[in-house]
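Right, one structure below, let's go through it.
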Amino acid sequence: MSHYEIYTFILCLVVFVLLTVLSSFFIATIIKQSIRLTKHGVDDEKIKTEYFKSLKKKKSKMDCIFSFVVCIILAAVFIFSLFVGCSTDTYSSDAPTFRVVNTGSMEKKHKKNEYLVENNLNDQIATFDLIIVYKAPKEEDLKLYDIVVYEVDDIMVVHRIVEIEEPNQYHPNERWFKLQGDAVENPDRFPVKYEQIKGIYKGDRVPFVGSFILFMQSPAGWLCIILVVGAMIITPILEKKLNKVKNQRLIAIGVIKVEESIEQVNATSTEDVEETITDYPVEPEFITEEIEIETENDIEKTFNELLPTISNKLIEYYSIIRSHVERFDGVYSVVDKTIEFRTEKLPIVCMEISGKSLFVHLNADPDCYRKELTIINLSTDGQTEYPLRAIVNSQKDLETVLSVILSIAKKNGLQRKGDGL
């Protein structure tokens, strides 16, 4: 690449980066506005419709695989185009170089060029073919009808040798070569000296690939690559943030998204959960991490209003616990600053949100689980109906809470819906 091409490349790169940043800013602004509307319930009907459609439509891995393959191919073509652009001037190397033919002077046989038919020369080169150029042989090894790459006025030309003038009185110390394009009626205007010849073409070419390479070498190609890379980085981040808000809103308005993990919980029996719990250490461990204190505004909010403020993981845990306890006949919920699940006579579980943490209060004797449930923070904490208090932070915490709920149900003879027990 010439100094001018390098300068142009850097200048365009800077401009396109700035344009990409500006576009990203506008996209981020739109996403933030969508998040604001979702939080205020403006798009409730829309996100509910999208949610129910997503339940019917299975997510295909082929879409991700296709996108990944396209990006890999695009990146490979771009890198190769840069390599071609940087290697076209290195004809002095023994390694072959690549060149894109962007004229039609060698594309077909002109009817007046009878030597092409007489010598059965069928190695024409079409426009946008990618050819492999090898280092030029010694001067005495060049022969008639070789296709060579020569330089004239800083331009590389790919033409065929149609006449060789041996040294004479006009050029006693060198041979002169007359070149001509196969599709051109007349030879090139001036003869070519050996030092102008940079390489030789031996028939190795890839048709039509050059058009993609030239596009990737152009400012439009650079813009395309930058925009694709920017979209690959920014779009998933913004979509993840927007989907998180949508999921939180769906739960807040009572449309509970039950993940595959819920199905696994529904398919798990009491014995299976208890068997899993017995694999944990038997010595009690108490949570010592610092819990975020509720603000005055949080205290005034209901449980459903606080639910979107916690992480997606904790929202999923809440959904699993809720789905699990609602499997039993006669269970209903009472929502205020907490959400309580109970029957007419039996309190089962009560959940509350404090800061960014999810607490679960269970109607179980702490002494019965002090040695078995090592991940539970056992405390009466003034809860008369729910003396067993837990903080749910992990999958292990979740499984423990579910096992306690199953034990409460089993102890009090609660029946699962549809079991007829």
With sequence neighbours left out, write down each residue that passes salt bridge (charged side-chain N to carboxylate O under 4.0 Å, His left out) with [X], or none if nothing qualifies.
{"X": "Asp188", "answer": "none"}
{"X": "Lys138", "answer": "none"}
{"X": "Arg342", "answer": "Glu340, Glu385"}

**Message:** Suppose we screen for side chain to side chain contact (heavy atoms under 4.5 Å, CB included). Which residues come up paired with Lys345, at least two apart in sequence or across chains?
**Reply:** none

More than 12 heavy atoms from other groups under 6.0 Å of [atom1] on [X]:
{"X": "Tyr332", "atom1": "OH", "answer": "yes"}
{"X": "Lys46", "atom1": "NZ", "answer": "no"}
{"X": "Lys108", "atom1": "NZ", "answer": "no"}

Does any part of the side chain of [Y], heavy atoms only, come nearer than 4.5 Å to the side chain of [X], both counted from C-beta?
{"X": "Ile131", "Y": "Ile125", "value": "yes"}
{"X": "Met156", "Y": "Lys198", "value": "yes"}
{"X": "Ile321", "Y": "Met351", "value": "yes"}
{"X": "His361", "Y": "Val349", "value": "no"}
{"X": "His324", "Y": "Leu406", "value": "yes"}
{"X": "Arg205", "Y": "Leu130", "value": "no"}
{"X": "Tyr201", "Y": "Val148", "value": "no"}

**Request:** Tell me yes or no: between the side chains of Gln180 and Asn186, is some donor less than 3.5 Å from an acceptor?
**Result:** no

**Request:** Say whether Thr400 and Asp397, considering side chains only, have a donor N or O and an acceptor N or O under 3.5 Å apart.
**Result:** no

To the nearest 0.5 Å, tell me how far [X] [atom1] sits from [Y] [atom2].
{"X": "Ile200", "Y": "Leu142", "atom1": "CD1", "atom2": "CG", "answer": "6.0 Å"}
{"X": "Leu307", "Y": "Ile353", "atom1": "CG", "atom2": "CD1", "answer": "4.5 Å"}
{"X": "Gln196", "Y": "Leu179", "atom1": "CD", "atom2": "CG", "answer": "9.5 Å"}
{"X": "Ile197", "Y": "Tyr150", "atom1": "CD1", "atom2": "OH", "answer": "9.5 Å"}
{"X": "Glu326", "Y": "Arg416", "atom1": "CD", "atom2": "CZ", "answer": "15.0 Å"}
{"X": "Phe177", "Y": "Lys143", "atom1": "CZ", "atom2": "NZ", "answer": "11.5 Å"}

**Message:** Quick one, Ser311 with Lys356, criterion side chain to side chain contact (heavy atoms under 4.5 Å, CB included). Give me CA distance, side-chain angles, the key distance, then yes/no.
**Reply:** CA-CA 7 Å; Ser311 67; Lys356 301 297 182 181; over 6 Å; no

**Asked** Run the side chain to side chain contact (heavy atoms under 4.5 Å, CB included) check on Lys337 and Glu352 step by step: do they pass?
**Response** CA-CA 7 Å; Lys337 295 178 181 178; Glu352 66 171 326; over 6 Å; no

With a 3.5 Å distance limit and no angle check, can you tell me whether [X] reaches the backbone of [Y] through a side-chain donor-acceptor pair?
{"X": "Tyr317", "Y": "Gln395", "answer": "yes"}
{"X": "Asn113", "Y": "Val184", "answer": "yes"}
{"X": "Glu305", "Y": "Thr302", "answer": "yes"}
{"X": "Thr127", "Y": "Thr103", "answer": "yes"}
{"X": "Ser323", "Y": "Ser319", "answer": "no"}

**Prompt:** Does the ring center of Phe341 lie less than 6.0 Å from the ring center of Phe328?
**Reply:** no

Do you know the tightest heavy-atom contact between [X] and [Y]?
{"X": "Ala183", "Y": "Gly104", "value": "CB-O, 3.5 Å"}
{"X": "Ala390", "Y": "Val401", "value": "CB-CG2, 4.3 Å"}
{"X": "His159", "Y": "Ser105", "value": "NE2-OG, 3.0 Å"}
{"X": "Gly355", "Y": "Thr309", "value": "O-OG1, 4.4 Å"}
{"X": "Pro387", "Y": "Ala364", "value": "CG-O, 2.9 Å"}
{"X": "Tyr386", "Y": "Pro347", "value": "OH-CB, 3.1 Å"}

**Request:** Take Leu358 and Tyr318 through the side chain to side chain contact (heavy atoms under 4.5 Å, CB included) test and state the conclusion after the steps.
**Result:** CA-CA 8 Å; Leu358 176 64; Tyr318 155 75; 4.1 Å; yes

**Item:** side chain to side chain contact (heavy atoms under 4.5 Å, CB included) evaluation trace for Asn304 with Val335
**Value:** CA-CA 8 Å; Asn304 284 340; Val335 183; 3.9 Å; yes

**Complete:** For Tyr145, the ring pair (Phe, Tyr, Trp, His ring centres under 6.0 Å) test, sequence neighbours excluded, returns Tyr115

**Message:** Can you confirm if the NZ or CZ of Lys202 lies within 45° of the ring axis of Tyr134 and under 6.0 Å from the centre of its six-membered ring?
**Reply:** yes

**Prompt:** If you measure from the Lys or Arg side-chain nitrogens to the Asp or Glu carboxylate oxygens, is any gap between Asp123 and Arg160 under 4.0 Å?
**Reply:** yes

**Asked** Using 4.0 Å as the upper bound for N to carboxylate O, is an ion pair formed by Lys109 and Asp182?
**Response** no

**Asked** Does Asn312 have any side-chain hydrogen bond (donor to acceptor under 3.5 Å, both in side chains) partners at least two apart in sequence or in another chain, and if so, which?
**Response** none

**Item:** Test side chain to side chain contact (heavy atoms under 4.5 Å, CB included) applied to Ile348 and Val404, Asn363, Val325, Asn412, the passing residue
**Value:** Val325

